[in-house]
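Side chains are part of it too, since the values below use all heavy atoms of this structure and drop only hydrogens, waters and symmetry mates.
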Amino acid sequence: ATLAVSLNANSPKKRNIVADSNQEINGAVLMTFDVKASKDNLIIDEINDVDFGTSELPSTAYVVDDSGAVIGTITPVLDKTKNDFKELDYTISKDTTKTLSIKVDDTLAAPDTGTRESADDGNTYTVKIGPAKVGFTKSNGTTGTSTGSANSNTAYVYAEGPEFTLASITTDNTQAPFAGASSTMSATFNIQVKAVNGDVYISATSTDAFVIKSSVGGVQTELSDVTYNQPDNTVLVDGTYKVSEGNTATFAVKATASNGGVAGTYDIRVNSINWGHLSTNPIRVTSDYMNGEAAWISPAIYLR
């Protein structure tokens with residue numbers, strides 16, 4: 001009998017996690033992972049040496065099954081050998097896969113009254129379950145340990161700030177009419193900006209806010225032809241678009257690339273987003289977790 005551990009396909013991607021108005025993070029999912037029992041009914045007894053990294057340690061972490069029931073709780077510490085979920089007593093039937101999640105609670109440092117920045121801003125949550133770290137008992141009473149492992153994506157924490165979601169990407173292209181002429185492609189990224197706690201300001205100058213690149217053959221070039229109009233649910237303030245706390249605005253960001261007559265397969269990708277807590281002389285924050293992430297890259301198009 002074996003127990004296999006693997007990252008669930010729907011485990012959260014890289015993203016921002018923003019606290020509430022009390023600077024608290026409650027029930028944030030860091031990772032979902034699958035556990036599959038083969039050849040026997042198995043009881044998961046423990047998950048040992050869970051690694052929460054070194055940047056931002058949550059105050060509480062708990063394992064939750066796919067019904068929402070909490071099956072284990074710990075207070076994470078830096079020494080991963082002390083991060084053990086014990087006495088779980090969780091049964092998985094023979095040849096069945098269950099999906100479990102690791103959720104966390106935490107309290108961040110309060111933001112500065114002037115800059116609206118917190119000392120914890122930009123810290124990261126991660127969690128890892130290594131090979132042979134899930135202990136189980138077989139139906140005959142003997143014990144074993146798991147195969148496989150699961151590593152979360154990185155989550156970036158802020159006391160106040162935005163959550164970014166890419167709603168959709170559309171592309172278009174114009175092919176050169178003759179050899180040596182330039183072909184072009186464009187991609188429109190519909191980027192949702194949700195001001196979870198505190199207002200969020202995005203520059204009205206598109207290249208100041210969204211860094212977008214084209215890529216061909218592994219070579220990336222930053223694009224200057226980047227445009228968008230003022231979205232709904234925003235107010236123009238001092239050259240920035242203000243997304244008020246609790247609101248979501250969708251920025252339809254269009255970027256256009258020319259191949260300069262060089263044929264090849266091109267894509268366009270969001271490299272980073274710059275935002276601020278304030279409109280005037282803002283402390284500019286760069287979120288670049290989407291750099292290289294497949295979800296933030298347009299379909300590739302061959303330009304002749």
Side-chain angles (χ1 to χ4, degrees), residues 8 10-33 47 50-80 82-85 100-129 151-165 192-202 233 242-249 273 275-278 282-290:
N8 183 271
N10 295 319
S11 189
K13 306 302 182 184
K14 293 181 180 179
R15 71 203 194 281
N16 289 346
I17 294 179
V18 184
D20 62 21
S21 58
N22 295 316
Q23 287 77 59
E24 293 181 352
I25 292 171
N26 295 299
V29 179
L30 296 193
M31 180 173 73
T32 59
F33 60 100
I47 305 175
V50 181
D51 187 354
F52 286 89
T54 60
S55 180
E56 179 73 26
L57 281 176
S59 57
T60 306
Y62 37 104
V63 179
V64 181
D65 74 1
D66 49 13
S67 74
V70 176
I71 62 174
T73 304
I74 62 171
T75 300
V77 295
L78 283 174
D79 184 355
K80 68 178 183 180
K82 297 180 180 179
N83 292 330
D84 300 334
F85 292 96
L100 305 179
S101 299
I102 293 182
K103 295 185 176 184
V104 296
D105 297 338
D106 203 7
T107 301
L108 304 184
D112 180 89
T113 56
T115 65
R116 306 311 304 167
E117 285 191 308
S118 164
D120 291 325
D121 281 0
N123 287 349
T124 58
Y125 290 130
T126 56
V127 63
K128 300 178 182 179
I129 298 174
N151 298 344
S152 76
N153 289 300
T154 303
Y156 298 81
V157 300
Y158 292 93
E160 295 183 358
E163 292 177 349
F164 298 114
T165 304
Q192 295 177 342
V193 180
K194 181 179 180 180
V196 178
N197 183 30
D199 302 329
V200 172
Y201 296 84
I202 302 287
N233 283 349
K242 174 185 175 181
V243 185
S244 298
E245 178 180 356
N247 287 334
T248 299
I273 301 173
W275 55 277
H277 295 287
L278 305 170
I283 304 295
R284 189 165 86 164
V285 181
T286 298
S287 292
D288 60 1
Y289 62 80
M290 61 284 296

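For Phe33, there are no ring pair (Phe, Tyr, Trp, His ring centres under 6.0 Å) partners, not counting sequence neighbours. Here Lys14 pairs with Glu293 under the salt bridge (charged side-chain N to carboxylate O under 4.0 Å, His left out) rule; sequence neighbours left out. Applying the salt bridge (charged side-chain N to carboxylate O under 4.0 Å, His left out) rule to Asp120 yields no partners; only residues at least two apart in sequence or on another chain are considered.
Looking at Asp65 and Ser67, their side chains do bring a donor and an acceptor atom within 3.5 Å of each other.
Relative ring orientation between Trp275 and Tyr158 is described as perpendicular, the plane-to-plane angle rising above 60° on a 0-90° scale split at 30° and 60°.
Under the 4.5 Å side-chain criterion, counting only non-hydrogen atoms from C-beta, Leu108 is in contact with Glu56.
A donor-acceptor pair under 3.5 Å is formed between the side chain of Asp121 and the backbone N or O of Ala159. Looking at Asn233, its side chain does come within 3.5 Å of a backbone N or O of Thr248 through a donor-acceptor pair. Of the possible polar contacts, one joining the Ser152 side chain to the Val127 backbone as a donor-acceptor pair under 3.5 Å is found.
Contact record, Ala110 with Gln23: CA-CG, 3.8 Å, taken as the closest heavy-atom pair. Counting all heavy atoms, side chain and backbone alike, Pro76 lies closest to Ile74 at CD-O, 3.5 Å. Looking at every heavy atom in both residues, Ser11 comes nearest to Met31 through OG-CA, 3.4 Å. In plain terms, the two heavy atoms of Glu160 and Arg116 that are nearest each other are OE2-NH2, 2.5 Å.
Separation of atoms CZ (Arg15) and CZ (Phe164) is listed at 14.5 Å; rounding is to 0.5 Å. Here the CG-CD1 distance, from Leu100 to Ile71, works out to 5.0 Å after rounding to the nearest 0.5 Å. Of the inter-residue distances, the one linking Ile17 atom CD1 with Leu30 atom CG reads 5.5 Å to the nearest 0.5 angstrom. Distance check, rounded to the nearest 0.5 Å: CG of Asn26 to NZ of Lys103 gives 11.0 Å. The OG1 atom of Thr154 sits 12.5 Å away from atom NZ of Lys13, with the distance rounded to the nearest 0.5 Å. In this structure, CG in Leu78 is found 9.5 Å from CG in Asp51, a value given to the nearest 0.5 Å.
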